[in-house]
Student: 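This is the structure I have questions about; it appears just below.
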Amino acid sequence: MKTLKETGIGETVKVVKLHGEGAVKRRIMDMGITKGVEVYVRKVAPLGDPIEVTVRGYELSIRKADADMIEVE
């Protein structure tokens with residue numbers, strides 16, 4: 001199982017599953033990260049938090065803790 005947090009800069013991955021529950025999972029889905037969508041990792045901050053990604057044509061910064069809940073392939 002690979003997560004978005006473990007994805008390297010410049011990689012494009014596909015979301016397989018969202019872990020987490022309730023409000024956290026809903027917030028991730030509201031940002032446009034849903035099963036089957038492609039995510040491109042643009043940048044990672046110097047200390048690793050946050051991660052900047054491109055989803056559905058727009059840029060999004062996501063925390064490491066949230067990125068760890070997103071299973072990708």
Side-chain angles (χ1 to χ4, degrees):
M1 178 183 103
K2 182 178 177 183
T3 63
L4 188 60
K5 180 180 160 187
E6 299 160 354
T7 305
I9 297 170
E11 280 187 72
T12 300
V13 292
K14 187 175 173 184
V15 177
V16 177
K17 186 176 181 185
L18 294 175
H19 298 281
E21 298 174 6
V24 177
K25 186 173 181 179
R26 170 58 47 200
R27 188 167 45 84
I28 291 171
M29 291 175 76
D30 287 346
M31 288 189 274
I33 300 173
T34 56
K35 186 178 176 182
V37 75
E38 288 195 347
V39 179
Y40 172 72
V41 179
R42 297 186 69 227
K43 296 185 224 169
V44 177
L47 297 176
D49 203 10
I51 299 167
E52 189 174 308
V53 297
T54 301
V55 181
R56 299 179 192 261
Y58 69 94
E59 282 82 40
L60 173 69
S61 291
I62 189 166
R63 297 183 311 202
K64 268 197 307 191
D66 292 342
D68 204 30
M69 294 180 195
I70 303 167
E71 188 178 328
V72 296
E73 64 178 6

Student: Does Val24 share a hydrophobic cluster with Val53, counting links as ILVMFWY side-chain heavy atoms below 4.5 Å and allowing steps through other members?
Tutor: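 Yes: a chain of side-chain contacts under 4.5 Å links Val24 to Val53.
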Student: For Ile51 and Ala67, which heavy atoms make the closest approach, and how far apart are they?
Tutor: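 Distance-wise, the nearest heavy atoms are CD1-CB, 3.8 Å.
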Student: Applying salt bridge (Lys or Arg N to Asp or Glu O under 4.0 Å) as the test, list every pair that has at least one member in residues 19-32; sequence neighbours left out.
Tutor: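 Qualifying pairs, neighbours excluded: Arg26-Asp30, Arg27-Asp66.
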Student: Could you state the interatomic distance from OG1 (Thr54) to CD (Glu59), rounded to the nearest 0.5 Å?
Tutor: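 Atom-to-atom, Thr54:OG1 and Glu59:CD are 4.5 Å apart.
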Student: Could you see if Val16 belongs to whatever hydrophobic cluster contains Val41? Use Ile, Leu, Val, Met, Phe, Trp, Tyr and a side-chain cutoff under 4.5 Å.
Tutor: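 No, no single cluster joins them.
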Student: Give every residue pair that meets the side-chain hydrogen bond (donor to acceptor under 3.5 Å, both in side chains) criterion with at least one member in residues 5-18, sequence neighbours excluded.
Tutor: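 Pairs touching residues 5-18 that pass the test: Lys2-Glu11.
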Student: Can you tell me how far CZ of Arg56 sits from CD1 of Ile33, rounded to the nearest 0.5 angstrom?
Tutor: 9.5 Å
Student: Under the side-chain hydrogen bond (donor to acceptor under 3.5 Å, both in side chains) definition, can you give me all pairs with a residue in residues 35-51, not counting sequence neighbours?
Tutor: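 Counting only pairs at least two positions apart or across chains, the side-chain hydrogen bond (donor to acceptor under 3.5 Å, both in side chains) contacts touching residues 35-51 are Arg42-Glu52.
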Student: Can you confirm whether Ile70 sits close enough to Leu18 that some side-chain heavy atom of one is under 4.5 Å from a side-chain heavy atom of the other?
Tutor: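 Side chain of Ile70 against side chain of Leu18, heavy atoms only: contact under 4.5 Å found.
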